Enquirer: 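This is the structure, below, for whatever I ask next.
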Amino acid sequence: MRNHILALLIAVATIVPGVASTTNDGSELWLRSLSSINETKGNVTFDRKKLSPTLQEASKVLNSPSLCGYTIKVSLKGDKSLGRDGYEIRTSGKELTLSATTDLGVLYGAFALLRIADSGEQIPNQVVEVPAYTLRILNHWDNLDGTVERGYAGHSLWKWEQIADSISPRYMEYARANASIGINGTVLNNVNASPRILSADYLDKVKRIADTFRPFGVRVYLSVNFASPMALDSLPTADPLDPQVQKWWKKKADEIYRLIPDFGGFLVKANSEGQPGPMDFGRTHADGANMLARALKPHGGIVMWRSFVYSPIDADRAKQAYMEFQPLDGKFEPNVIIQIKNGPVDFQPREPYSPLFGAMPSTPEMVEFQITQEYLGHSNHLAYLAPMWKEFFEYVPSTSLKAAAGVTNIGDNANWTGHPLAQANWYAFGRLAWNPELTSEQIASEWLARTLIDPHNTPAEVRDSLSAMLISSRETVVDYMMPLGLHHIFAFGHHYGPEPWCDVPGARPDWLPKYYHRADSIGLGFDRSPSGSNAVEQYPEPLRSQLADMNSCPEELLLWFHHVPWTHKLKSGRTLWDELCIAYQRGCNRTIEYQKIWENAKPYISPEIFADVQQRLMTQTRDAQWWKDACILYFQEFSRLPLPSEVAPPIHTLDEMRKVSLGITNYESPTPALLNINR
Ligand code: GCW
């Protein structure tokens with residue numbers, strides 16, 4: 001990949017700029033073509049007279065300038081096999097027929113046509129699409145006071161105090177953008193949930209939002225606090241087996257559905273990181289989830305019960321969700337889905353898949369991805385996440401899951417996601433939740449063509465180098481933060497910069513980097529083989545044996561599963577120490593290459609976005625250097641080995657770095673000097 005990027009760089013340097021790009025501040029996302037209305041109406045016909053709000057939206061999309069020149073017939077008598085959301089498109093010359101069985105299916109089909117046209121592709125003769133999952137859901141970690149937990153794009157989109165008087169046009173734009181990529185549900189509030197969201201006052205506001213989203217097929221869900229009956233109505237307990245508590249939740253569900261007949265259901269974080277839950281009352285996760293499920297069942301609602309738990313017990317943290325949940329297999333009501341983070345610890349730049357997937361054959365399971373970059377450089381670093389999610393699906397068959405959720409990166413910034421290129425992650429999540437078979441490359445090239453560049457006026461070399469930059473970017477972050485299976489060596493609290501040395505007196509050991517990297521004079525990494533915590537036993541054969549042996553464990557996960565001697569030889573013939581240092585250097589180098597790729601793309605990108613991203617790429621280079629220096633110098637205190645010749649000497653000292661917990665604003669950048677680094 002690296003050579004590929006360099007080759008592209010050279011090619012790009014020789015290109016003469018084409019048409020300058022138009023103004024684009026990122027606020028229109030990938031739907032820029034919808035902003036101009038096509039005046040030549042009449043070429044779109046529906047097989048019914050009265051159009052529902054959903055069909056009116058579809059009509060707008062089909063009448064967009066991108067599709068002008070086509071005669072489009074819309075039929076709601078689509079084949080039954082298309083289900084609720086599917087659609088079929090048939091093309092004969094300039095005549096298109098779009099059929100579906102529901103209004104929403106038509107809307108999805110209309111957006112598919114727009115996507116194909118805007119990506120600069122030919123509309124195929126036949127397209128038949130049915131989504132892989134019926135539930136494709138965003139999770140907002142938005143608090144009622146407008147802050148967003150792990151949000152890096154401003155404040156919450158939901159302006160709760162204003163909702164009674166007005167609904168911002170952004171709510172509709174949000175719903176439209178989601179529908180355009182197939183997302184059909186959204187959890188409005190943080191899983192660390194305030195009980196107040198279930199008060200009559202707030203439910204009324206939730207209703208207003210749900211009404212706005214309805215034409216776009218985006219259903220509303222809420223995170224609920226398990227102790228709500230105590231907090232809101234002073235019940236003496238929230239014990240799920242207590243009849244008063246059960247009655248309270250039933251009444252609450254009835255109240256919600258009176259306001260919002262298509263309400264989706266609840267998301268619950270229970271007995272995790274201080275949140276209340278059934279175990280506070282001597283009950284199990286199943287008791288708690290089932291009580292809520294029974295309250296929602298008459299209305300068709302579901303419970304998404306999170307498995308992100310880790311009690312302060314001795315067991316390896318990576319084993320705990322499995323230990324707590326696997327024995328409950330088969331004990332949940334059918335309308336409960338266990339929502340499992342993709343990896344066993346916590347959204348690290350690279351994790352193995354969580355072994356809970358596939359371990360509860362009698363219980364519906366769904367994956368929780370993190371779109372917001374809590375552990376991947378916030379909105380300062382470029383990290384296109386489709387390759388990470390595809391990696392997950394390589395291990396966990398998409399068909400074994402019921403649904404996909406993504407913790408969103410959206411805030412009230414004009415460009416929605418802070419880093420303009422982070423929009424690609426929102427886009428990619430929707431596209432993969434619809435079809436996990438899509439490639440990262442295809443999604444990147446669609447998004448680029450629709451959002452950032454004009455596919456018709458941008459040389460192929462520029463498009464290809466931007467796409468290569470996106471595709472390689474997550475691996476780049478892994479390289480300069482935590483290569484070879486290292487994990488959770490972040491600074492305490494903000495999870496931005498490195499602090500492999502971090503000690504916080506009194507903190508739980510599994511909140512501290514040393515718990516995870518275990519550096520000592522012998523080597524580095526967490527022994528999870530049978531001679532260590534034996535977390536590998538939670539994986540099925542033959543993977544278990546492959547992971548258990550240092551020599552067959554995939555190298556990108558080596559230090560996740562093994563404590564490896566510094567001088568152990570890897571496949572390249574180099575020692576662990578040398579490979580580690582080289583990975584950090586490679587990551588740094590790549591960020592510099594990205595600056596050059598970006599510079600070369602300047603003539604084809606709007607000036608606002610260009611300048612914004614340029615600034616962030618410089619910060620990323622600055623931070624990558626900090627990561628490299630911090631980790632190499634710190635680990636060198638244990639390895640006592642010299643840097644390999646391929647690696648440039650650090651530009652910081654360990655003492656200097658120990659004084660600063662690298663946050664986003666607390667460090668003056670020496671970036672320009674880095675550009676001269678000897679590669
Ligand atoms: O990784 C942790 C985050 C918390 C988050 C928690 C969770 C919402 O640091 O901010 O809380 O995961 O997923 O519940």
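In each ligand, atom 1 is the first atom listed, and ligand 1 is the first ligand listed. Predicted model, so just to flag it, every value in this text is computed and none were measured.
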Enquirer: May I ask you to check whether Trp141 has an N/O atom sitting below 3.5 Å from an N/O atom of ligand 1?
Expert: no
Enquirer: Could you check which of Lys341, Gln275, Gln339, Glu374 puts a non-hydrogen atom nearest to atom 9 (O) of ligand 1?
Expert: Glu374
Enquirer: May I ask you to check whether His140 and Tyr221 show a side-chain donor-acceptor distance below 3.5 Å?
Expert: no
Enquirer: Taking side chain as C-beta onward, heavy atoms only, is Arg528 less than 4.5 Å from Asn534?
Expert: no
Enquirer: Side chain or backbone of Val407 under 4.0 Å from ligand 1, or both, or neither, by non-hydrogen atoms?
Expert: neither
Enquirer: If I apply the N/O under 3.5 Å rule, does Asn190 come out as touching ligand 1?
Expert: no
Enquirer: Give me the atom names and distance for the closest heavy-atom approach of Pro498 to Cys631.
Expert: CB-SG, 4.2 Å
Enquirer: Considering heavy atoms of the protein only, find what lies nearest to atom 6 (C) of ligand 1 and give residue, atom and distance to 0.1 Å.
Expert: Glu273 OE1, 3.3 Å
Enquirer: Any idea which protein heavy atom is nearest atom 2 (C) of ligand 1, and the distance to it?
Expert: Asp346 OD2, 3.1 Å
Enquirer: Quick one about Thr284 and Asp287 (side-chain donor to acceptor, distance below 3.5 Å, no hydrogens or angles considered), yes or no?
Expert: yes
Enquirer: Quick one about Asp346 and Tyr310 (side-chain donor to acceptor, distance below 3.5 Å, no hydrogens or angles considered), yes or no?
Expert: no
Enquirer: Ion pair present between Lys159 and Asp412, side-chain N to carboxylate O less than 4.0 angstrom?
Expert: yes
Enquirer: Quick one: does ligand 1 sit under 4.0 Å from the side chain of Trp511, the backbone, both or neither, non-hydrogen atoms only?
Expert: neither
Enquirer: Determine, using ring centers only, whether His381 and Tyr480 are less than 6.0 Å apart.
Expert: yes
Enquirer: Heavy-atom contacts with Phe308 under 4.0 Å: which atoms of ligand 1 show up? List them by number with element.
Expert: 6 (C), 7 (C), 12 (O), 13 (O), 14 (O)
Enquirer: Looking at ligand 1, does Tyr375 have a heavy atom less than 4.0 Å from it?
Expert: yes
Enquirer: Can you list the ligand 1 atoms lying under 4.0 Å from a non-hydrogen atom of His495?
Expert: 9 (O)
Enquirer: Parallel under 30°, tilted from 30 to 60°, perpendicular over 60°: which one fits the rings of His495 and Phe490?
Expert: tilted
Enquirer: Which residue owns the protein heavy atom closest to atom 10 (O) of ligand 1, what's the atom, and how far is it?
Expert: Glu149 OE2, 2.4 Å
Enquirer: At less than 4.0 angstrom from any non-hydrogen atom of Lys269, what atoms of ligand 1 do you find?
Expert: 6 (C), 7 (C), 8 (C), 11 (O), 14 (O)
